[in-house]
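Values below: all heavy atoms of this structure, side chains included; hydrogens, waters and symmetry mates excluded. Not measured: the values here are computed from a predicted model. Every number for a ligand or one of its atoms is a count from 1 in the order of the listing.
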Amino acid sequence: MRITDTSDLWWKTAVVYCLDVEVYLDSDGDGVGDLQGLALRLDYLAELGVTCLWLMPFYPTPDLDDGYDVSDFYGVDPRLGTHGDLVEVIRTANDRGMRVIVDLIVNHTSDRHPWFRSALRSVDSPYRDYYVWREDPPPADEPNEVFPGEVDGMWEKDERSGQWYLHSFYAHQPDLNIGNPKVRDEIAKTIGFWLQLGVSGFRVDAVPYFLEAPLGDVQDGHRLLRDLRRFLQRRSPEAVLLGEVNLPYDEQMKYFGGDDADELTMQFDFVGMQAIYLALARHDPAPLVKALRERPRLAVEAQWANFLRNHDELTLDKLSESERAEVFEAFAPDESQRVYGRGITRRLPPMLGGDPRRVRMAYSLLLTLPGTPVLFYGEEIGMGENPDVPGREAVRTPMQWSSRKNGGFSDVAPSRLVATPPAGGYAPQHVNVADQVEDPDSLLCFVQRLIARYHRSPEIGWGELAILDPGDAAPAVLAHSLRADVGRMVALHNFSDEPAVAQFVLDDEPDGVRLSDLLGPGEVSVGDRREVEVELEAYGFRWFRVARPGDGRLG
Ligand code: GLC
C-alpha cells in the first residue's frame, strides 16, 4: 500500500461519528434537534478529527423506535428540517473534509407506511406482497428474539384478513418481503436517491434479519446484497455499506461476501467489542487477544468497524453465560442497568466508575485496534447515561454543549425537551463541550489528540496485526503492533490498576530503528537485539512509531 491509497479506500482510515440529529442541537427552540443545528456544529466535528458522520434515521416516522420505524424512505422528518437542510449539511460537511453516511432501514417499514396501510386494506392490494404473511397461527410459545420480555413473538394478527404478518422487531415494524422483485427495486431506488443527494454510503440496519428470506433461502438474500453492492458502486464508486451484523466471525465473513468481498464493505465488530468489556472487567487483556486472533482476515477493500458503545443496549450476547455475569457484575450491578437479559443500558464512563485513567485507556485502545473507529456522540466528552430513563433510551440524551440551560442543547422549557439530560455528576453542568474545549487536560482534548495521531498512523487501518509478548513484569498488558508498507506502530495498554514494565522484542527491524513516542515527546531506546523496555502506569498506555532510518516519516 502507498500513503496515497488511503484516499482511495477512505473508509479504512476514517473516524466515524454517529449522531442523532434529533438530540444534537436545537436551532429553532422547539425542543427537538434539527439539521440547521447540526450545521452549526460541523466545525466542532471537523476539529475533533471526524472524517465520516453517520446520521441516525432522520426520515418521517411515528417515532416508536427512535426513528427506526420509517414511514417514508425518501423523506426528511419535518421536525428535523427539509431535504434542502440536509443537502446543506452534506455539502458543508464535505467542505470540512467529512463524508456523510445514513441509516438504511429496509428490513421493515413502520406500520404507518403507505405500503403497509394499503396492504392492510385488502389482500388484493398491490402492496400486500410487499410484506410477509402466513395463513396459519404461529406457534404460541415463539419468543421475540430481539426484544424478549418487551415484544411477544414474531407474528401479529391482521384481524381483517385473519392472516399474520412477520415482524422481527416491534409489531409496528412489519418486515418487508425481499422475495418480491418490486421490494428489491424500491430498496435500490432508495439507495440511489440518497446517493444522488450526496451521501457516501449507508449504515445498513439489521442485515441478517433483512436478508432472511421468507422461504428461508439465505443464498437468495446474499444474492440481493451483492446486487445492491453492485448497484451502489455503479452509482458511486466511493460509497460504502457498513453493516450491522451481530453474528460470530465465521458468519460475518459471509456478509462480507467471503473471498469475493462483494457484499458489505464494513461490519461492526460485535465480538471484539464484547471481548473488550470482558477484558476490562477482568483486568486482563486475554479475552481481547483471543478475539483478535480469531478475527478473520479481510480482503483489502473490506474493513472492521470498532466501537465501544452505540445507541442500543451494550449487548453481551456473544459471551458465555458466566462471562456475561462477570461483566454485569462489574459494570451493571443493578438490575435496572440491564435489559433483555443480555445487555447494559449505561455509557462507558459510569461503567468504569468515572475513573479517567480507565476511560482514557479504553479510548486509546479503541483507536489503536486494527480497523476503523466509530464514536457515539458524546463519548468524546465522557457523557453518562440518564439512569432515570429505562431501557435503550437511557443513552440517547441531548448532546451536552455547555453548562447553560438544557446543556446548551435547546432554549425550550425543560418539560418540552425531546429527551432529558442526566442529573448528578454527569449533568451538563459538569460534563460539557464548552468547558472541555478550554481545558487542554480534558477528555475532549485528549480524544482530539488521539484522533490526530490515528490519522498520522494509517497502519492502524491497513496494517497486519501482531500480538507481542510483553513479558512477566507486564501480565495485564496488551502489546500489539500494526505493520503496513507505510510503516509500523506499536501500542501498549495496561488493563491493570498496578504499574507494569513491558519488555518485548521488535522482530524484523533494521539497524538504527528507533521507537518514537506518538503521544508525547521523546523516544524509547531499542537495544542491539531489538529489545525494548517500557514502563506503564496503572491503566497506562503508550503509542510508538517504529521509525526506520530514511523512512521519510515525521516523528
Ligand atoms: C437495529 C437498530 C435498533 C433498532 C432495530 C430495528 O438493531 O440499531 O436501534 O431498534 O435495528 O430497526
Ionic contact status for Asp136 with Arg134, cut-off 4.0 Å: yes
Contact check: Gln173 vs ligand 1, nitrogen or oxygen atoms, below 3.5 angstrom: no
Subset of ligand 1 atoms that lie under 4.0 Å from at least one heavy atom of Asp312: 2 (C), 3 (C), 7 (O), 8 (O), 9 (O)
Protein residue, atom and distance nearest to atom 10 (O) of ligand 1, heavy-atom basis: Asp65 OD2, 2.6 Å
Contact atoms of ligand 1, heavy-atom distance to Arg392 under 4.0 Å: 3 (C), 4 (C), 9 (O), 10 (O)
For ligand 1, the portion of Glu313 having any non-hydrogen atom under 4.0 Å away: neither
Shortest protein heavy-atom distance from atom 1 (C) of ligand 1, along with the residue and atom involved: Asp205 OD1, 2.7 Å
Worked check of side-chain contact (heavy atoms from CB on, under 4.5 Å) between Asn306 and Leu365: CA-CA 10 Å; Asn306 299 313; Leu365 183 65; over 6 Å; no
Heavy-atom closest contact (Asp63 atom, Arg79 atom, distance): OD2-NH2, 3.5 Å
For Phe169, atoms of ligand 1 separated by under 4.0 Å from a heavy atom: 5 (C), 6 (C), 11 (O)
Enumerated ligand 1 atoms positioned under 4.0 Å from heavy atoms of His108: 6 (C), 12 (O)
Ligand 1 contact by Arg203, heavy-atom criterion under 4.0 angstrom: yes
Distance-minimising heavy-atom pair for Pro174 and Asp111: CD-N, 3.7 Å
Protein contact to atom 7 (O) of ligand 1 [nearest heavy atom, distance to 0.1 Å]: Glu244 OE2, 2.9 Å
Asp26/Arg416 under salt bridge (charged side-chain N to carboxylate O under 4.0 Å, His left out): CA gap, chis, key distance, verdict: CA-CA 12 Å; Asp26 169 19; Arg416 289 184 51 212; over 6 Å; no
Note, Pro60 side chain near Arg112 side chain (heavy atom, < 4.5 Å): no
Salt-bridge contact Asp220-Arg223 (side-chain N to carboxylate O under 4.0 Å): yes
